[in-house]
Protein chains: 2
Amino acid sequence: MSFIPLLPGSLSGPPAERSDAARNRERLLGAARELIAECGPDALTMDRLAERAGVGKGTVFRRFGSRAGLMMTLLSDSEAAFQARFMFGPPPLGPGAPGLERLIAFGAERIAYVMEHGDLARAAEASARSRYEVPAVKLWQRHIELLLREAGMDADPLLMAMSLAATLDPDRLLHAVRVHGLAPERLTDSWRELVTRVVRGR
Amino acid sequence: MSFIPLLPGSLSGPPAERSDAARNRERLLGAARELIAECGPDALTMDRLAERAGVGKGTVFRRFGSRAGLMMTLLSDSEAAFQARFMFGPPPLGPGAPGLERLIAFGAERIAYVMEHGDLARAAEASARSRYEVPAVKLWQRHIELLLREAGMDADPLLMAMSLAATLDPDRLLHAVRVHGLAPERLTDSWRELVTRVVRGR
DNA sequence: GGTCTAAACGGACCGTAGTCCGATTATTAT
DNA sequence: ATAATAATCGGACTACGGTCCGTTTAGACC
């Protein structure tokens, strides 16, 4: 007869990463940060990364699943911090302020975030299909929807949130700033106008 | 002494396509349409296309520059028709109706267009960088900006047009319909709400 | 220490977009 | 018709993301 655990297996946590796996993950993350610091995210190829970290290519993909997955891992710290700030931090970004003000603050913070981590964020946007299935992206969108409802928006908050989220897409924001040469403040101002008009209604 | 043209060279038109080049271009377009009809745009690879058309791979790229370029060429007819309708056609899409009504009609038509040619449009969206530099995309955006101004929008019409254009991105629209299962009419309704609120202002 | 197993490893391999350059051919001038 | 020339052609080649599978090894149990 086999061992019967007191807790369901899935609650005892993952079966503990093997030590060589942990070592390689750290090596890979370190090497990735080095390469990005040297040449930027676009120049990071999976082959070079494997070589630099001294592991096989298969190992890279088993760890991170894909190039986008690697980039998301690299972003996860700042991403988590951002999430914590808009969900639990002080107003006007966090709870405590009116919905509209939180929306305005959210956009402003998001724009600032993209200005700082934009290239990485763009590289982390997986290939086409799953771009909108990334947990973080879905979270922002639900957050916007929530704030819209709280601000009294009546008409189809889900789709309005989708439209507003599209405005904050890293790709578009970076293009506006880098190609069109627009100042980030102008993006922030425009976002404030946009959400104000959308919320205030007709 | 060399020949002096009466007109600057660039005005005498392109130096006339060589007959074999024209023949190959037709062959390629035909083969591309066949392959897409058979297996959809995603299954069209440049190698298969070259093989089916009976030409070398280099020829494909010299003709169309890239995979996205090929897709744009395939779309150009319906794209031109669409452009003609919103620029010169009857109201409310074309000139003659108030700006807001034209904006609403524009979005509705665009959504319908994406529902029909969406996959092709998505494949035509070049790789990252130049997504917003495609002439057609810039044209829509300027058109939206124009209509916003005409409708009396005061605050930064350029950026508002960018945001609104983001809402109509084929990728997002298709995702909403295919993954979230939203009805296209709901997208149209939401677009009407959105532009109405944006234009009416505070 | 020895044995066993599942997990981790590594790098050869694949499909794809895009490039390059020597060979070919349409066109024009003579 | 012939020769000169410049555009076109074709397919081998590269770079990259991603997969596969035979081999190795960490860790648990004896």
Side-chain angles (χ1 to χ4, degrees), chain A residues 1-3 5 9 12-28 31-32 35 39-73 122-131, chain B residues 1-3 5 9 12-28 31-32 35 39-73 122-131:
Chain A
M1 181 181 176
S2 63
F3 164 70
S12 347
E17 193 176 37
R18 244 169 65 167
S19 66
D20 51 348
R23 174 177 42 86
N24 280 338
R25 196 189 53 226
E26 291 314 311
R27 271 198 207 165
L28 282 167
L35 286 172
C39 320
D42 292 347
L44 184 148
T45 73
M46 301 306 257
D47 287 293
R48 261 196 280 276
L49 174 60
E51 187 190 6
R52 172 73 71 111
V55 306
K57 194 177 179 178
T59 303
V60 184
F61 280 91
R62 188 160 351 82
R63 274 311 120 212
F64 304 108
S66 69
R67 188 171 186 279
L70 166 68
M71 299 298 185
M72 281 193 278
T73 303
R122 182 141 50 97
E125 276 186 349
S127 48
R129 292 295 187 290
S130 61
R131 253 176 85 181
Chain B
M1 178 184 179
S2 65
F3 164 71
S12 348
E17 194 175 38
R18 240 169 67 167
S19 66
D20 52 347
R23 174 177 44 85
N24 281 339
R25 197 190 54 227
E26 290 314 311
R27 270 197 207 166
L28 283 166
L35 286 172
C39 319
D42 292 347
L44 184 149
T45 73
M46 302 306 257
D47 286 295
R48 262 197 279 276
L49 174 60
E51 187 190 6
R52 173 73 71 110
V55 305
K57 195 178 180 180
T59 303
V60 184
F61 280 90
R62 186 157 355 79
R63 270 319 114 206
F64 304 108
S66 69
R67 189 171 186 279
L70 166 69
M71 299 298 186
M72 281 194 275
T73 304
R122 182 141 49 97
E125 276 184 350
S127 48
R129 293 293 187 292
S130 61
R131 254 176 84 180

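Note that this is a predicted model, so its numbers are computed, not measured. A note on names: the letters A, B, ... follow the listed sequences, proteins ahead of strands, and every chain is numbered from 1. Basis for what follows: all heavy atoms, side chains included, without hydrogens, waters or symmetry-related copies.
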Pairs involving residues 61-71 of chain A, ordered by first then second residue, that meet salt bridge (charged side-chain N to carboxylate O under 4.0 Å, His left out) (sequence neighbours left out): A:Glu17-A:Arg63
Sugar-phosphate only, base, or nothing, as touched by B:Arg25 at under 4.0 Å among non-hydrogen atoms: nothing
Euclidean distance, atom CD of residue A:Glu51 to atom C1' of D:dG17 [Å, nearest integer]: 17 Å
Just the table, please: protein N/O against nucleotides 1-4 of chain D N/O, every pair under 3.5 Å.
none

Integer-rounded Å distance: C:dA17 C1' and B:Phe61 CZ: 5 Å
Interatomic distance where CZ belongs to B:Phe64 and C1' belongs to C:dA17 [whole Å]: 16 Å
For atom CG of A:Leu44 and atom P of D:dA15, their distance in whole Å: 16 Å
Between P of D:dG11 and CG of B:Asp47, the distance in whole Å: 12 Å
CD/B:Glu51: more than 12 non-hydrogen atoms of other groups inside 6.0 Å: no
Options D:dG17, C:dG18, D:dC9, nucleotide nearest the side-chain atoms of A:Lys57: D:dG17
N or O in side chain of B:Asn24 less than 4.0 angstrom from D:dT8 OP1/OP2: no
Length of the line joining B:Leu49:CG and C:dT16:P, which is rounded to integer Å: 13 Å
Non-hydrogen atoms of B:Ala53 and B:Arg27 that approach each other most closely: O-CD, 3.3 Å
Pairwise distance CE(A:Met71) to CG(A:Leu44) - rounded to 0.5 angstrom: 5.0 Å
Protein-nucleotide distance (B:Arg63, atom CZ; C:dT19, atom P), rounded to Å: 16 Å
Reading 5' to 3' through nucleotides 20-30 of chain D, protein heavy-atom contacts under 4.0 Å coded B for base, S for sugar-phosphate only, - for none: -----BSS---
Derivation and outcome, side chain to side chain contact (heavy atoms under 4.5 Å, CB included), residues B:Phe64 and B:Met72: CA-CA 9 Å; B:Phe64 304 108; B:Met72 281 194 275; over 6 Å; no
A:Ala68 vs B:Thr59, nearer the 5' end of DNA chain D by closest nucleotide: B:Thr59
Length of the line joining A:Asp42:CG and D:dA15:P, which is rounded to integer Å: 18 Å
Atom pair NZ (B:Lys57) and OG1 (B:Thr59), whose distance is rounded to the nearest 0.5 Å: 12.0 Å
Euclidean distance, A:Met46 CE relative to A:Leu70 CG, rounded to 0.5 Å: 5.5 Å
Shortest non-hydrogen separation from A:Leu49 to A:Leu35 and the atoms involved: CA-CD1, 3.8 Å
Taking every non-hydrogen atom, the tightest pair across A:Ala68 and A:Ala124: CB-O, 3.6 Å
